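Order of the sequence lines fixes the chain letters, A, B, ..., with proteins taken first and strands second; residue numbering starts at 1 for each chain. These numbers come from a predicted model, not from an experiment.
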Amino acid sequence: MSEIPKTYEPPAIEAKWYAFWEQNGCFSADPKSPKPAYSIVIPPPNVTGSLTLGHVLNNTIQDILARRARMTGHEVLWLPGTDHAGIATQNVVEKMLRKEGAMKHRDDLGREALVGKIWEWKEKYGGIILKQLRALGASCDWSRTRFTMDEDYSRCVSRVFVDLYKKGLIYRGKRMVNWCPASLTALSDEEVEMKEQKGFMYHFRVEVAEEPGTFLTIATTRPETIPADTAVAVNPNDPRYTHLIGKHVYRALPLEVPKEQRRIPIIADEHVTFDFGTGVLKVTPAHDKADYEIGVRHKLPVIDVLTPDGRMAAEAGAELAGLDRFAARKKAAEILEAAGALEKAEPYVNNVGFSERADVPIEPRLSEQWFLKYPSVEQARACVMQPGELQKENGSAGFQPAASGILPDAQDDRGSNDVADKMPATAGRMPALPSSNANMRFFPDRWAKVYDHWLNGIQDWCISRQLWWGHRVPVWKKRVTINDYQLDADVFGWSGLNASREENEKAGVVVRVFRVRDGLEVTPEDYSFRTSETKDDTETFDVFVATADEEKGRGLEKNGFAQDTDVLDTWFSSWLWPFATMGWPEKTDTLAKFYPTTDLVTGPDIIFFWVARMIMAGFEWMGELPFKNVYFTSIIRDKQGRKLSKSLGNSPDPLDLIAKFGTDALRFGTMRSAPLGTDVTFDEKNIELGRNFCTKLWNAARFRQMQGGETEADIVPTLLTSDDKWILLRLDAAVREVSTALDEYRFSEATAALYRFFWSEYCDWYVEASKATLAGTDDARKANTLAVMDYVFSHTLRLFHPFMPFITEELWQGMGFANDMPANQGGKTIMFAPWPEPFTAEEREYFILDESDEQFANAKYEVVNLGRGLRRDFNIASSKRVRFVLKPNAKLADHETAVMQILLNAEPLEVNAAFAAAKGTPVALTPLGELFLPLDGLIDVAAERERIGKEIAKVEDELAKVRVKLADPNFAGKVPAKVLEDHQQRERDWSEKQAQLAKMRDALGSP
RNA sequence: GCGCGGUUAGCUCAGUGGUAGAGCACUACCUUGACACGGUAGGGGUCGCAGGUUCGAAACCUGCACCGCGCACCA
């Protein structure tokens, strides 16, 4: 045993052991290992990201799971990496380039140069967060680090795109999309966040063309879009307006356009609500999703009055053109007011969609984009267990760790079908499949409902982005006319393509041809439509060729094709993460061993963005779910309940916290404060708690070391004291509690159990009690106590290791526990030491453990508590040694007396069955007898009588409560036998105590 | 509007039908030989409100209030 320094200095120790683990390949995952697999893929942080408390929480959990799995004999893969994060990364680098003066606008550089700059930036600064994760102790297999724009990964993305295109699930279309005027790109519905916004509801009048003098009043929040109105709509059943349907009004803006050109129809549409606003709706197909649909129903023209960057276009009229949309809103109201058309403008709060990334209101905009009809939706929906659904296998949660050194049982729990009839009917249009496939669990399970709800109402996914940084859409396009175009010769004659659809698709190439005139796809099997179907020489077609093969793409470019300029939504690559990082589409060893992964740990905020889509992708391309359990972390908030964010400045830097308190303290404190399923409020006090706990652990180790002696000597069962047996039983309880809590992903409960066990049980009672033996002269017993201490400490360190990897490794090695273990089971590092198991029946028998020992120890500690109470009542400092006398109920071993004496800080603790106390001597009634605190010259009979009187009052209070219950005939009649017995026992105990106390009081004589 | 959480000590939170708990904060005493980042003891709660079920409710049911979140939205 080498000497343990006086204080724990985290930085040096953390650096030392992390390097040791890495150098010894402790994190690397071997697909050829015979051990059962445990795998987890990191939610890839943005490549521009740096460590936040959210990451700390998330990755600490993953590390705990991974480290524990290693200790339970699993071959562990924790696969790290980063995400290219399209918009975010492009923004960061563009901003930097503008700051450096390298460009004003991205067009100054051009696409290729800018993308080149971003790559440069990525190589230089990207992925800092991965280095920071090392500081957190993350045991990732760094040799497998992946980036979503790695060459291999990008090929997966293209391949998946082509596959979906082939399946007809990806299509190009002109649709209303969410347009971000700041980022100048389309967004998916999930990237739009509804926010309340204060504004005005403007009421303005328009005149009915056919009935001069008759006006309709329209309510709107967006008067600047009036120039884009192409109709006015009322509900067909609204009696106020039915007579006007079919007539026209004059649009209010722009004023300079001749009145007759501003005539728009009054139409009837069910979408209009009677009692909202005035019951008259202005219809703006170009700038509102619902209005667009009305426009489609009524074949209305579309007038676009906004530019992509959110300014008013020329069509908006001279006065508005060029203005920003918000300025234009004010201006439009002013114009209406000046024209006498504005009736009122009242303050109004409505919900507006904001671009999540740029934090500006989005514009619904008609534009041509790529869309995806989600694949494998039914399977994805059916595979997740809903709250309340029973799991077939004995109801236990989480992965089942195999016993150390034992080969895996089949962990696959699919195929159960007897839960099918218990599946609750799911509300919604499309009932989920029977739950026979439901074998993925969410923690907490209520997220499964949110997930199911989203899948039920799922809309096609707009996957194209008008950005440069990302995976470019792998589609090449050429417009051809029948006259000058020879499909066979120019396209299919080219060596890379074939004339038949099947053969092309077999080669990974998908060709689609659309007639420009009507947008219809022309789909004869052999593309021979060219000559036979039309005689019109001017007919033009758009030919789209999708291929994941860049070689082929370049060939197409030589033939006049041009690649689509859009890139794909970042999540279109992230959703492949669990298998694209493991070598898909090759059938790799890694995939065979580690897919599907065991656990996914992520935030509930990306349940739709990422989790749901990964599940679909897993089914679609692997035919299997990507993970078995999903743990949704808490959201960390500040004391005001706000999310932590850099812009609010309420986000402490984890690296500062590590510097101040140590990594283990940060990990332990965070885990202790983050219960399953609720948000957590960050408080540095929690990290302080972690730091204090580390110190306690450190000092307990030092105490052991100061006792010297042999490390981990064999325990001699016959020499075990009641305290020894007590702590062994407490350890056993802690092992069970911690293991169960971890199985159910209840990390805060696991840490609470560890804290309680180590601090309150081991340090406060056992170590203190052991001092009686250690200070004594019985060497055999001394050695035995040290052996028990080592046994408990070595198991404790292992229980702690997943939470606090560094300090536990340092002590594991420093205390010499590594020496007795086989190299691959803790001999080299605690990382592979076997996870503690509860005692077997044989072990219990060997140590002669039974409840009576525990009860006796508890009784002893109760004597101590009561004696300390007497001290307090008589104001005797805990450091002052005083004489106590115990008048015992039964014979006591000398050793037990010695323990109580040291715990009471008594000198001496006299055991005297015949003790005759002076009248008025303070006394406490304990489970082992009457405990006196003789106070020479300080005896106050009246005070002592009063003190005992208070005790009696307390006892009588309890007694009364129990008796009321027992007296109720219903109680005795209906209560389970066990409960009745408990209450009867309680009654007996309290009344005995009452009698004894009364006797003690009476002995003092009457006042 | 629909759905989901939450409401327990001053603060942060455990507690799935049977004697109300932890950490922090607070009070008193203690620099006793592992630890003052510590020890010992202590004060502090009609468990959001109102009904109901039950012998018994912080827990189960119903309704309400307030806080938070998600989805959908009416111009």
Kindly say if [X] contacts the phosphate of [N], meaning a side-chain N or O under 4.0 Å from OP1 or OP2.
| X | N | value |
| --- | --- | --- |
| A:K771 | B:A34 | yes |
| A:T681 | B:C13 | yes |
| A:W454 | B:C2 | no |
| A:R986 | B:U19 | no |
| A:N351 | B:A72 | no |
| A:K696 | B:G39 | yes |

With no angle test and no hydrogens, is the base of [N] tied to the side chain of [X] by a donor-acceptor pair under 3.5 Å?
| X | N | value |
| --- | --- | --- |
| A:R691 | B:C37 | yes |
| A:E768 | B:A34 | yes |
| A:S879 | B:C30 | no |

Item to complete: Test the A:K696-A:Y762 pair against the cation-pi criterion, namely NZ or CZ under 6.0 angstrom from the six-membered ring centroid and within 45° of the ring axis.
Response: no

Discussion item. Would A:R637 and A:F682 count as a cation-pi pair here, with the cationic atom under 6.0 angstrom from the ring centre and within 45° of the axis?
Written reply: no

Using a 4.0 Å heavy-atom cut-off, does [X] contact any base of the nucleic acid, only the sugar-phosphate backbone, or nothing at all?
| X | answer |
| --- | --- |
| A:R871 | nothing |
| A:T221 | sugar-phosphate |
| A:D764 | sugar-phosphate |
| A:A752 | nothing |
| A:M201 | nothing |
| A:N686 | nothing |
| A:C763 | base |
| A:D968 | sugar-phosphate |
| A:N350 | sugar-phosphate |
| A:P976 | base |
| A:D291 | nothing |
| A:Y348 | sugar-phosphate |
| A:V767 | base |
| A:L281 | base |

Counting only Watson-Crick or G-U wobble pairs whose two distances fall under 3.5 Å, which nucleotide matches [N]?
| N | result |
| --- | --- |
| B:U46 | none |
| B:U54 | none |
| B:A14 | none |
| B:C2 | B:G70 |

Practice prompt. Look at the aromatic rings of A:F668 and A:F803 and report parallel, tilted or perpendicular, splitting at 30° and 60°.
Written response: perpendicular

Using atom [atom1] in both nucleotides, what's the gap between [N] and [M] to the nearest angstrom?
| N | M | atom1 | value |
| --- | --- | --- | --- |
| B:C66 | B:A25 | P | 35 Å |
| B:A9 | B:C64 | C1' | 26 Å |
| B:C60 | B:A75 | C1' | 46 Å |
| B:A20 | B:A57 | C1' | 13 Å |
| B:U46 | B:G21 | P | 15 Å |
| B:G51 | B:A65 | C1' | 15 Å |
| B:C55 | B:G48 | C1' | 27 Å |

Item to complete: Could you pull out the closest heavy-atom pair between A:L57 and A:S634, with the gap in Å?
Response: CD2-O, 3.5 Å

Item to complete: Heavy atoms only: give me the nearest A:K6-A:N699 pair and the separation to one decimal.
Response: O-OD1, 4.2 Å

Response to the item:
Of A:H287, A:E224, A:E363, the one forming a side-chain hydrogen bond (donor to acceptor under 3.5 Å, both in side chains) with A:R325 is A:E363

Worksheet entry | Atom pair CZ (A:F806) and SG (A:C694), whose distance is rounded to the nearest 0.5 Å | 11.0 Å

Discussion item. Using 0.5 Å steps for rounding, measure from the CG atom of A:L904 to the NZ atom of A:K860.
Written reply: 11.5 Å

Nucleotide [N], atom [atom2] - distance to [atom1] of [X] in whole Å:
| X | N | atom1 | atom2 | result |
| --- | --- | --- | --- | --- |
| A:Y755 | B:C37 | OH | P | 14 Å |
| A:R329 | B:A75 | CZ | P | 12 Å |
| A:L754 | B:A22 | CG | C1' | 15 Å |
| A:E688 | B:A25 | CD | C1' | 12 Å |
| A:D605 | B:G70 | CG | C1' | 12 Å |
| A:R672 | B:G21 | CZ | P | 17 Å |
| A:K449 | B:C2 | NZ | P | 14 Å |
| A:F747 | B:A14 | CZ | P | 16 Å |

With the side chain of [X] defined as its heavy atoms from C-beta on, choose the nearest nucleotide among [options].
| X | options | answer |
| --- | --- | --- |
| A:M706 | B:U40, B:A28, B:A34 | B:A34 |
| A:F608 | B:G70, B:C4, B:C30 | B:G70 |
| A:K965 | B:U32, B:C71, B:G18 | B:G18 |
| A:V975 | B:G18, B:G38, B:C30 | B:G18 |
| A:N970 | B:U19, B:C55, B:C69 | B:C55 |
| A:A877 | B:C69, B:C29, B:C73 | B:C29 |

Worksheet item: When A:D873 is tested against each of A:R947, A:K950, A:R868 for salt bridge (Lys or Arg N to Asp or Glu O under 4.0 Å), which residue passes?
Response: A:R947

Practice prompt. Check the surroundings of atom NZ in A:K660: do more than 12 heavy atoms from other residues, nucleotides or ligands lie under 6.0 Å from it?
Written response: no

